[in-house]
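Positions are given from 1, in the same order as the sequence printed here. It should be emphasised that the depicted structure is a prediction, and the values quoted were computed from it without experimental measurement.
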Amino acid sequence: MKKRVKNQRKTLKKQFSPPQTVKAYQCDLSNNKDILNVCKKINIENTSIDIIINCAATFPIGSLSDMTLDEFEKCMQINVTAPFLISKS
C-alpha cells in the first residue's frame, strides 16, 4: 500500500509543475477516526485540499437484493461518508 501511495505521489508531482505542491495522504476510509486524524494532520500543516482521489471505491458483487445492511453501510462509508468528511476539513 505504501509503495502504491509513493508511486501515485511521483505521478502527481510529474503532472504539476513547480511551484505547486502535491501531497498524498493515506488512511483507512472505513474508519472515521483514521479519516479525522488525517484531516487534523492536513489542517496542522496548513494545507488546503484541492483534489481528492478516492482509489478505494467499493461495491459488493451481486444483486442489491442480496446485499446486507453491513455491506451497504461499508459502501456508504467508503464511497460517500469518507470523501464528505475529507471535503469538510
Side-chain angles (χ1 to χ4, degrees):
M1 182 71 98
K2 288 183 181 182
K3 185 177 181 180
R4 185 172 71 183
V5 171
K6 190 174 183 180
N7 287 338
Q8 290 171 345
R9 184 179 294 130
K10 284 181 184 179
T11 301
L12 289 171
K13 282 185 178 181
K14 286 179 186 177
Q15 292 177 353
F16 295 97
S17 60
Q20 296 172 337
T21 301
V22 175
K23 293 185 178 184
Y25 297 89
Q26 181 179 343
C27 69
D28 179 357
L29 297 179
S30 67
N31 183 323
N32 284 344
K33 185 176 180 181
D34 200 25
I35 294 167
L36 295 174
N37 283 337
V38 168
C39 292
K40 190 178 200 179
K41 181 178 180 182
I42 291 167
N43 288 328
I44 289 171
E45 293 176 359
N46 203 21
T47 301
S48 66
I49 298 174
D50 298 315
I51 299 171
I52 298 171
I53 301 172
N54 179 358
C55 298
T58 184
F59 195 82
I61 297 173
S63 69
L64 187 62
S65 61
D66 294 332
M67 184 186 293
T68 66
L69 180 58
D70 286 340
E71 290 171 327
F72 175 78
E73 287 175 342
K74 182 177 180 181
C75 285
M76 294 304 289
Q77 173 64 34
I78 293 171
N79 299 333
V80 179
T81 306
F84 170 76
L85 291 173
I86 294 167
S87 296
K88 285 184 58 96
S89 75

Rounded distance (nearest 0.5 Å) linking atom [atom1] of [X] with atom [atom2] of [Y]:
{"X": "Phe59", "Y": "Leu64", "atom1": "CZ", "atom2": "CG", "value": "5.5 Å"}
{"X": "Lys74", "Y": "Leu29", "atom1": "NZ", "atom2": "CG", "value": "11.0 Å"}
{"X": "Cys39", "Y": "Leu85", "atom1": "SG", "atom2": "CG", "value": "6.5 Å"}

Query raised in the report: Do any N or O atoms from the side chain of Asp28 and from the backbone of Asp34 form a donor-acceptor pair under 3.5 angstrom?
Result: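 Absent.
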Query raised in the report: Is there a path from Met67 to Met76 through hydrophobic residues (I, L, V, M, F, W, Y) whose side chains come within less than 4.5 Å of each other?
Result: yes
Query raised in the report: Do other residues, nucleotides or ligands put more than 12 heavy atoms under 6.0 Å from the CD1 atom of Ile53?
Result: no
Query raised in the report: Above 12 or not: heavy atoms from other molecules or residues under 6.0 Å from CD1 of Ile52?
Result: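 Yes.
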Heavy-atom side-chain proximity of [X] to [Y] below 4.5 angstrom:
{"X": "Ile44", "Y": "Lys41", "answer": "no"}
{"X": "Gln77", "Y": "Ile35", "answer": "yes"}
{"X": "Leu36", "Y": "Lys40", "answer": "no"}

Query raised in the report: For Lys33 and Asn31, which heavy atoms make the closest approach, and how far apart are they?
Result: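 Heavy atoms of Lys33 and Asn31 come nearest at N-OD1, 2.9 Å.
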